[in-house]
Amino acid sequence: MGKFFITTPIYYVNDVPHIGHAYTTAAADVLARFHRQLGDDVFFLTGTDEHGNKVEQAAVERGLTPWQHADEMVVKFKEVAEKVNATNDFFIRTTDPQHEAYVQAFLQKVYDRGDIYENTYTGLYCSACEAYYTEDNLVDGLCPDHGTPPVHMEEKNYFFKLSAYQDRLARHYKEHPDFIQPRHRYNEALSFIEQGLADISISRATLKWGIPVPWDESQVVYVWVDALINYPSALSYARDEDLTSRFWPPSCHLMAQDILKFHGIIWPALLMSAGYELPEHLFIHGYLKLGGEKISKTRGNVMDPFPLIEQYGADPFRFYCLREVSFGQDGVVGEDGFKSRYNAELANELGNLLSRTVSMVSKYRDAAVPAPSGPAEASPLAAEAAAAIDVAYASLQDFNLSGGLEGIWTFVRRLNRFVEERAPWKQAKAGENVALNDTLWNLAEGLRLLAVLLHAYMPSTSEAILERLSIESGTTTVKWDQARWGLLEPGTVLMVGPPLFPRIEV
Ligand code: ME8
């Protein structure tokens, strides 16, 4: 048994959540559930980033204090986690007083180490990114990510000696070639480091909405530094006991490419300075795009995941996003695509497989699963079942969520072909009892195996399949050691039920 500490970014509360936030949280949940299936000690963290310029501005625009605004918005972000059926172990808010104290103590360590000095910052700032820019970084004078003009800033700030960590960072990358995945993101971050790192401002003099710098309370901590520290901070107060030694370092920080530099460069340097172990992996998934453009609050082309989830459930939503988009790459999503994949794969392939199997076992064998005609290993499906198990396992270990689903779906399709090949209705008619028994056992066992393999992706579906197989759903029946071919006991009684995925009329 190992440990697995997985995090999502903590989301800005300047605006309501959209499908991109739901995607990251759902993906992190798949990994958390998979590691629980393996028997690992899991901690899954998500939360909200509530300080900084853009949250303060959003509050002002609504005529609220930042506190009132954040208190309202956080409800919606907690709802996202709930709606996608995420099993996060904690939800951190950067306005938690324990977090504020933790940030101050963390920063004091960096200061005491001599890695912070005072200087005047003159330059450009994009408040949508909450990031500093140089002229060279802009595209036609605009923020490359938001297409908005940055503002000129000049103030006395505290700076972190990021430049002093350049060599150590590069060495860490070289010694840990899977520190950042996928590979092209690793290359991107490493080449950024190798181009040379400048020191960064880590405080703001004019902003009030933030955590006071511990040695100079006239300034607040730069929102990104405040936010990154959430990862260890949460472990220190999520429970009555301090969980740091149990879970630190993170097994995986999950995010999209917009915040790679903060997590791949600034964060490890801060951790080195404060004397922490570095995260084991950063996995950078791609952007979900609507009509080819990145979905972003600033761009105003957001897609609200709630209506889809409310109408069809969390499982189809999780399934669609993780199947449609190759994990680690950008991909286009939309309601039409959702409906066609739902009908083709969930209603026709998986849902039908279950209802056909249950109804045939009911009709031909009084609902009791008959015995196979020989040892389970001799089944014509045994090798393909083993392949699906191996692909799902290897892919999930490797954060390849779409790859795992692809491996599982190959087996769903194999089972459907098996029905056609064997044509149990013909076997029944011809009185081929042994062969029919064998067909029915194989199908029921195939479904049981699918319930185990799909648990992390579609937990309610997995539970519903087990219920139809009269297998008590619960942590033991979906443990990864149940992902083996041949475990279904003959005599198991199947339950008829409504279709798992009623077709959507398009
Ligand atoms: O960056 N496709 O918060 P944020 C896929 N507070 N994922 C998307 C997405 C899209 N179109 N849009 C957003 C912040 N995301 C900081 C993080 S962490 C210490 C501080 C997801 O609300 C994706 O995970 O802008 C992305 O990295 C994150 O939301 C950015 O969320």
Side-chain angles (χ1 to χ4, degrees), residues 6-29 31 45-55 58 70 73-74 76-77 80-81 84 86 91-95 99 103 106 126-131 143 145-146 185 210 221-234 250 252-268 270-271 279 282-305 321-322 324-334 399 401-402:
I6 177 140
T7 69
T8 71
I10 49 170
Y11 307 116
Y12 284 127
V13 293
N14 63 315
D15 206 343
V16 294
H18 59 71
I19 193 171
H21 302 119
Y23 178 59
T24 311
T25 301
D29 187 60
L31 291 165
L45 177 66
T46 187
T48 41
D49 187 354
E50 305 188 4
H51 290 128
N53 207 5
K54 74 173 176 181
V55 172
M73 286 300 180
V74 78
K76 299 192 197 305
F77 281 89
V80 171
V84 302
F91 189 101
I92 189 171
R93 300 182 59 181
T94 54
T95 47
H99 171 75
V103 168
F106 185 105
C126 168
S127 79
C129 298
E130 294 280 18
C143 163
D145 214 24
H146 295 95
R185 298 298 176 198
V221 177
Y222 173 40
V223 63
W224 261 105
V225 172
D226 166 353
L228 288 163
I229 298 172
N230 92 85
Y231 302 126
S233 151
C252 178
H253 286 316
L254 189 63
M255 72 202 76
Q257 61 264 41
D258 49 348
I259 55 181
L260 167 61
K261 281 184 197 159
F262 293 100
H263 283 80
I265 298 167
I266 299 176
W267 182 224
L270 282 169
L271 287 170
L282 271 55
F283 189 92
I284 315 301
H285 64 62
Y287 288 141
L288 300 189
K289 298 182 171 213
L290 273 182
E293 247 201 272
K294 181 194 166 194
I295 299 161
S296 100
K297 291 176 282 201
T298 322
R299 290 186 195 272
N301 63 337
V302 296
M303 178 172 174
D304 179 356
C321 294
L322 293 170
E324 185 75 20
V325 181
S326 178
F327 203 59
Q329 287 172 33
D330 294 350
V332 179
V333 291
F399 312 113
L401 300 190
S402 49

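In this chain, numbering begins with 1 at the start of the sequence shown. Counting convention: from 1, in listed order, for ligands and their atoms alike. The structure presented is a predicted model; accordingly, all values stated were derived computationally and were not measured.
Nearest-heavy-atom check against atom 26 (C) of ligand 1 across Asp258, Asn14, Asp145, Thr24 picks out Asp258. The heavy atom nearest to atom 11 (N) of ligand 1, considering only Thr7, Leu254, Leu288, Asp330, is found in Leu288. Considering only non-hydrogen atoms, atom 8 (C) of ligand 1 lies nearest to Gly20 out of Ala128, Gly20, Pro17.
A heavy-atom separation below 4.0 Å is found between Tyr231 and ligand 1. The shortest heavy-atom distance from Lys289 to ligand 1 is not under 4.0 Å. At least one heavy atom of His263 lies less than 4.0 angstrom from ligand 1. Under a 4.0 Å heavy-atom criterion, Glu130 is not in contact with ligand 1. Not a single heavy atom of Phe262 sits less than 4.0 Å from an atom of ligand 1.
With His99 as the partner, the side chain to side chain donor-acceptor pair (under 3.5 Å) test is satisfied by one option alone out of Thr94, Asn230, Asp226: Asp226.
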Side chain to side chain contact (heavy atoms under 4.5 Å, CB included) assessment of Val333 paired with Val325
CA-CA 8 Å; Val333 291; Val325 181; 3.9 Å; yes
Evaluate the criterion side chain to side chain contact (heavy atoms under 4.5 Å, CB included) for residue pair Ile10 and Phe77; output intermediate values, then yes/no.
CA-CA 10 Å; Ile10 49 170; Phe77 281 89; over 6 Å; no
Trace of the side chain to side chain contact (heavy atoms under 4.5 Å, CB included) decision for Asp330 with Gln257:
CA-CA 10 Å; Asp330 294 350; Gln257 61 264 41; 3.1 Å; yes
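His51 has its side chain out of reach of Val221: every pair of non-hydrogen atoms, C-beta onward, lies at least 4.5 Å apart.
By the 30° and 60° cut-offs, the orientation of the rings of His285 relative to Tyr23 is perpendicular.
Every atom of ligand 1 with a heavy atom of Ile10 under 4.0 Å away is listed here by number and element: 3 (O), 6 (N), 16 (C), 17 (C), 18 (S), 19 (C), 20 (C). For ligand 1, the atoms closer than 4.0 angstrom to any heavy atom of Asp49 are 6 (N), 16 (C), 20 (C). Heavy-atom proximity to His18, at under 4.0 Å, picks out these atoms of ligand 1: 9 (C), 12 (N), 13 (C). For ligand 1, the atoms closer than 4.0 angstrom to any heavy atom of Ala256 are 23 (C), 24 (O), 26 (C), 27 (O). Counting the atoms of ligand 1 from 1 in the order shown, those under 4.0 Å from a heavy atom of Gly286 are 5 (C). Counting the atoms of ligand 1 from 1 in the order shown, those under 4.0 Å from a heavy atom of Ala227 are 19 (C).
If you look at His285 next to ligand 1, the close heavy atoms, those under 4.0 Å, all belong to the side chain.
At least one N or O atom of His21 sits closer than 3.5 Å to an N or O atom of ligand 1. Residue Tyr12 has at least one nitrogen or oxygen atom sitting less than 3.5 Å from a nitrogen or oxygen atom of ligand 1, judged on distance alone.
Of the inter-residue distances, the one linking Lys54 atom NZ with Cys129 atom SG reads 7.0 Å to the nearest 0.5 angstrom. Residue Asn53 holds its CG atom at 10.5 Å from OH of Tyr222, rounded to the nearest 0.5 Å. For the atom pair CD1 of Ile92 and OG1 of Thr8, the computed distance is 10.5 Å after rounding to the nearest 0.5 Å.
Aromatic ring centres of Phe327 and Phe283: separated by under 6.0 Å.
Residues Cys321 and Ile19 approach most closely at SG-CD1, 4.5 Å, considering heavy atoms.
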